[in-house]
Amino acid sequence: MERNEFERRFFLARRQVIERDFAHLNDMQKKSVLATEGPLLLLAGAGSGKTTVLIDRIANLIRYGRGSDSPEVPEEMGEAELALLEAEAGRTGPVPEEVRELCALDPVEPWRVIAITFTNKAADELKARLERKLGPGAGDVWAMTFHSACVRILRKSVEVLGISPNFTIYDAADSVAVMKRVLRELNLDEKQFPPKSVLGAISRAKDKLQSPADFAAAAEKGWDPRQKYIARAYTEYARRLLAADALDFDDLIYYTVLLLRDYPEERAYWQRRFHYVLVDEYQDTSHAQYLLAAMLAGERENICVVGDDDQSIYRFRGATIENILSFENRFKNARVIKLEQNYRSTGHILSAANAVIRHNAERRGKNLWTSAGDGEKLKLVVSDGDDAEAEFVASSIVNAVAGGMRWSDFAVLYRMNVQSNRLEYAFKRLAIPYKVVGGTRFFDRAEIKDMTSYLAVVNNPADDLRLLRIINTPARGIGDTTVERLRALAAAQRRPILDIAADAGSFPELKNAAGKLAKFLALIMELRTLSETMPLEDFYDALLEKTGYLEALGDSDEALARRDNIMELKSNIVSYAASAETPSLAGFLDEIALYSDLDSVDTQGESVILMTIHAAKGLEFPWVFLVGMEENLFPSSRSTDSEEDLEEERRLCYVALTRAKRRLTLTAARRRLLFGHTTANAVSRFVEEIPDGDIDKPADLRMGSEGFTREPDPEWLEYRRREKTPFPEAPRRGLVGGSETPRRGFGGVSQGVRRPPAEGPKTASQSPKTLPTLSAGDVIRHKAFGEGTVVAVTSMPGDALLTVNFNGTQKRLMLKAAAPFITKK
DNA sequence: ATCATAACGCTTTTT
DNA sequence: GCGTTATGAT
């Protein structure tokens with residue numbers, strides 16, 4: 001046989017054998033996994049098995065190297081090996097180890113693979129699934145966010161830029177705090193120069209790799225005088241951060257790009273290190289992030305980016321679809337593969353999502369399809385007010401749980417965090433276990449910021465921002481005047497504040513405070529020493545003790561909550577110390593800077609999840625409620641006058657719709673209390689964009705006539721069974737049977753407005769049901785919680801608070817709200 | 001220095 | 001409507 005012919009056949013057979021390992025994938029997915037070499041753009045629709053592809057791709061690299069994609073055949077391979085491969089090619093099932101070895105062509109060491117994701121959540125999932133697939137060796141793959149990857153690179157290499165490798169990371173709140181001080185110092189009015197928008201301008205500048213000097217030069221040439229002031233703010237902001245050895249989020253990317261661009265040895269080092277670069281959520285990357293990925297890939301150009309232009313929802317913070325749209329221009333021989341088969345949702349859901357997104361002009365075009373069947377139509381439910389909307393959602397969930405679903409099967413998605421309030425209120429009344437993701441963050445709480453500021457100062461005494469926060473917390477007699485003098489001296493001498501404090505004796509204006517400053521300094525120094533000798537969690541205890549923070553809190557109710565939070569931080573430290581390879585104070589600080597509590601969402605836990613649509617990206621739920629489908633809310637009023645903004649909102653809607661696996665309920669309220677005013681908005685245009693064939697909605701939207709959710713239907717039970725989730729018991733007829741309405745407010749019951757009575761259910765709302773009379777000791781049966789004993793009844797105006805013991809766990813229920821779900825035994 | 005109240009402003013989404 | 005911050009009083 002000619003060597004040419006031999007090699008052709010060998011390559012073919014090898015590829016077929018390798019394919020056996022990925023037989024569970026569809027053709028497009030397989031192609032994506034096997035195309036290991038060169039630039040690859042993967043357009044992966046929602047629910048198209050993108051993560052699976054990413055995992056298998058990495059598995060393929062590690063197992064077979066270039067084997068599936070390169071025609072190269074090792075010299076030593078001969079006819080015997082070919083015969084073996086060709087025989088194996090015809091078979092199915094897992095490939096025997098010795099055959100695998102024949103197929104491998106420079107298998108890739110795990111640490112040569114970097115998979116960059118956008119969120120920690122995604123990175124963690126990637127890591128976990130890689131580990132499951134490949135075993136512990138997978139731990140060496142760099143699966144992390146852009147920001148974490150940059151921290152790791154910078155910790156090793158940043159010194160050439162003249163920045164300390166022990167730099168501190170400033171989060172968004174820190175940045176704002178610094179900027180406020182900068183603006184005050186520059187005498188810039190915060191109204192004319194809102195800190196956040198100045199920071200936004202700086203952020204955009206860094207994305208374009210503009211230094212303060214570059215920015216100032218551009219501002220000089222430009223026509224907008226404001227830019228010159230912003231340039232000054234940028235200069236001073238950057239100066240302060242550098243003086244404090246601090247980098248903000250953007251700096252992490254910015255400096256890494258500078259490092260790779262301007263330092264050939266560093267570039268060479270990192271390019272030699274990584275042979276394969278993968279970027280997830282590519283549609284959400286910024287220009288600088290694209291540069292970073294491209295530079296890491298280097299001339300090898302083994303760069304695989306995965307994204308969905310229809311799911312780009314972070315344009316407002318610098319993400320640019322341009323990256324996706326122009327990938328093939330930048331990488332000339334790029335391959336492009338579309339993944340359009342959806343494994344998540346049923347037909348009507350996908351059809352609705354496709355229909356909505358089709359209204360966007362700026363996109364590559366893609367159509368999701370499924371073989372799962374049509375499933376259920378979506379449903380639109382219009383309530384009178386936001387309170388009724390929330391109650392509808394809450395009672396639907398209780399009903400469904402009574403019918404065998406689990407709390408964790410549900411997600412309630414909304415546009416803005418403030419919308420969670422109403423929902424929470426309704427959920428509390430019905431004692432529904434729920435979790436709100438996002439909103440006020442744990443690490444943003446004052447007492448937590450205090451504690452982390454101590455940790456930050458101990459770790460980096462030059463961190464003036466954090467130092468100022470704690471220098472007099474708890475009060476130790478270092479007042480505003482002293483602090484002001486310290487700051488003035490520090491600014492004048494370009495020295496850290498703590499340095500000045502240490503030198504207090506030599507400044508006459510600090511004479512009065514010298515004693516107190518010395519004490520404070522001694523405290524910090526002592527803590528520093530302790531931090532070097534003690535395990536992290538013990539050090540934290542020592543910190544609490546030496547600072548006297550807890551005592552200073554007092555013992556009010558609020559203080560108790562704060563204590564709880566402080567102990568919660570401790571458990572954070574403990575679990576960090578347990579999981580990190582080499583736990584350190586610096587490592588812990590990195591972690592809390594880059595991780596939000598968004599990352600700890602467990603969709604496993606037995607709770608309903610409430611979150612913004614943004615936070616839901618990448619997640620899926622059997623039943624999704626998408627609330628607040630009203631004009632001015634979604635799409636947000638700020639986005640309706642620009643076509644680009646509107647398209648981003650529509651993509652957001654697309655993301656929301658594609659979160660649902662089986663059932664999707666949209667809700668809108670005729671009146672809503674928003675920003676202090678009652679507003680009445682039309683139903684969202686996005687709802688109108690859903691074909692009638694895919695959604696059930698009231699014939700006359702303004703009138704409303706929808707009923708109340710029934711018990712889950714047999715289809716659901718079947719689905720649950722398929723998912724192998726145990727059923728508590730078969731649904732039974734409770735008090736809320738059929739289409740009974742548990743509370744007023746649904747079904748278009750008007751509130752004193754001249755509106756024709758709705759044709760919907762009206763029984764309960766028109767003649768209020770007599771509330772069951774209950775007293776302590778009564779045994780009741782709750783639709784969702786089962787049997788329980790009433791422990792206490794506290795009467796309240798027009799209602800009563802029940803404390804009920806359900807099988808050992810106590811729940812508090814409002815009688816009126818819970819009545820429809822309760823039967824007295 | 002600490003507390004209370006008033007005023008304010010902020011209402012998109014977050015690594 | 002909310003929470004945060006600025007201001008003033010004790």
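Just so it is clear, the values below take in all heavy atoms, side chains as well, and ignore hydrogens, waters and symmetry mates. Each chain gets a letter, A, B and so on, in the order the sequences are listed, and its residues count up from 1.
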Student: For the side chain of Leu673(A), counting heavy atoms from C-beta on, which of dG1(C), dT5(C), dT14(B) is nearest?
Tutor: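 Among the listed nucleotides, the one closest to the side chain of Leu673(A) is dG1(C).
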Student: Using a 5.5 Å cut-off between ring centres and planes within 30 degrees, is Phe316(A) stacked on the base of dT13(B)?
Tutor: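 Here Phe316(A) meets both the 5.5 Å and the 30° conditions.
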Student: Report the residue from Gln419(A), Arg422(A), Arg672(A) that forms a side-chain hydrogen bond (donor to acceptor under 3.5 Å, both in side chains) with Glu389(A).
Tutor: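 Of all the options given, the one that passes is Arg672(A).
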Student: So does Arg466(A) pair up with Asp174(A), basic N to acidic O under 4.0 Å?
Tutor: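 Yes, charged N to carboxylate O under 4.0 Å.
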Student: Please find out if less than 6.0 Å separates the ring center of Tyr229(A) from that of Phe193(A).
Tutor: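 Yes, close enough.
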Student: Specify the separation, in whole Å, of atom CZ of Phe634(A) and atom P of dT11(B).
Tutor: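 Rounded to the whole Å, the gap is 18 Å.
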Student: Find out whether the Lys NZ or Arg CZ of Arg155(A) is both under 6.0 angstrom from the six-membered ring centre of Phe167(A) and within 45° of the ring's axis.
Tutor: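 The answer is yes, since Arg155(A) meets both limits relative to Phe167(A).
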Student: Whole Å only: how far is the NZ atom of Lys121(A) from the C1' atom of dT14(B)?
Tutor: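 Nearest whole value for this atom pair: 11 Å.
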Student: Which nucleotide, dT11(B), dA1(B), dT15(B), lies nearest any side-chain atom of Lys196(A)?
Tutor: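 Looking only at side-chain atoms, Lys196(A) lies closest to dT11(B).
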Student: Within the sub-3.5 Å range, which N or O atoms of nucleotides 4-9 of chain B have a protein N or O partner, and how far apart are they?
Tutor:
residue: dG9(B); atom: OP1; partner: Lys191(A); partner atom: NZ; Å: 3.1

Student: Which heavy-atom pair separates Val176(A) from Pro195(A) by the least distance, and what is that distance?
Tutor: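 For Val176(A) and Pro195(A), the tightest heavy-atom pair comes out as CG1-CB, 4.3 Å.
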Student: In a check of side-chain hydrogen bond (donor to acceptor under 3.5 Å, both in side chains) between Asp310(A) and each of Arg650(A), Arg363(A), Arg651(A), which one passes?
Tutor: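 Exactly one candidate clears the test, Arg363(A).
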Student: So, OP1 or OP2 of dT14(B): does either fall under 4.0 Å of a side-chain N or O from Thr612(A)?
Tutor: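 Affirmative; the distance criterion is met.
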Student: Check this one for me: any side-chain N or O of Asn120(A) less than 4.0 Å away from OP1 or OP2 of dT15(B)?
Tutor: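 False: Asn120(A) side-chain N/O out of range (4.0 Å or more) of dT15(B) OP1/OP2.
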